Amino acid sequence: MQTRRRALVQDRWPDLVAAAEEQLPGGLVLDGELLVWDTAAGWLSFEELQRRSAARARGAIGLATAFPAYFAAFDVLQHDGFECMTLP
């Protein structure tokens, strides 16, 4: 996982990394948005998204449990080594 500025952030999102490894094929590169659900409030929370984004590996697991993250994919950038960005 990396940000649009190419910073690697997989240590902050262990739940999403595990889900991607379990559900997505190797060689797939997606573009999308991370979302965090506040289970107590019952809606998306930008505040908790920022909190999770700032977390380091030690605190990330606890935050992942309290505030689950989701990934909304918008585009397939690469699949099996094929660059898809030039496709409509």
Side-chain angles (χ1 to χ4, degrees):
M1 293 182 67
Q2 68 182 34
T3 68
R4 63 180 65 139
R5 293 184 180 158
R6 300 180 189 239
L8 297 177
V9 294
Q10 59 269 26
D11 62 327
R12 300 169 194 179
W13 306 96
D15 49 338
L16 292 180
V17 170
E21 288 174 343
E22 181 181 313
Q23 299 175 35
L24 301 176
L28 181 66
V29 180
L30 299 172
D31 182 22
E33 196 72 32
L34 296 177
L35 307 167
V36 172
W37 189 258
D38 184 334
T39 53
W43 56 64
L44 294 174
S45 174
F46 184 71
E47 180 180 318
E48 295 305 331
L49 174 73
Q50 289 180 314
R51 189 169 158 203
R52 287 205 54 192
S53 295
R56 294 294 177 204
R58 265 204 297 176
I61 294 171
L63 287 172
T65 301
F67 301 101
Y70 301 87
F71 179 73
F74 300 141
D75 292 305
V76 176
L77 304 180
Q78 186 176 356
H79 185 268
D80 269 345
F82 177 75
E83 296 286 333
C84 302
M85 294 184 292
T86 59
L87 300 174

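The structure displayed is predicted, hence computed values, not measured ones.
For Leu77, the CG atom sits in a packed shell: over 12 heavy atoms of surrounding residues, nucleotides or ligands are nearer than 6.0 Å.
Screening residues 70-88 for side chain to side chain donor-acceptor pair (under 3.5 Å), with sequence neighbours left out, gives no hits. A salt bridge (charged side-chain N to carboxylate O under 4.0 Å, His left out) check over residues 12-34, counting only residues at least two apart or in different chains, returns the pairs Asp15-Arg52.
For the pair Pro14 and Ala60, the tightest heavy-atom approach, listed with the atom from each and the gap, is CD-CB, 3.8 Å.
Cluster partners of Met1, by chain and number: Val9, Trp13, Leu16, Val17, Leu24, Leu28, Leu30, Leu34, Val36, Phe46, Leu49, Leu63, Phe67, Phe71, Val76. The rule joins Ile, Leu, Val, Met, Phe, Trp and Tyr whenever side-chain heavy atoms lie under 4.5 Å apart.
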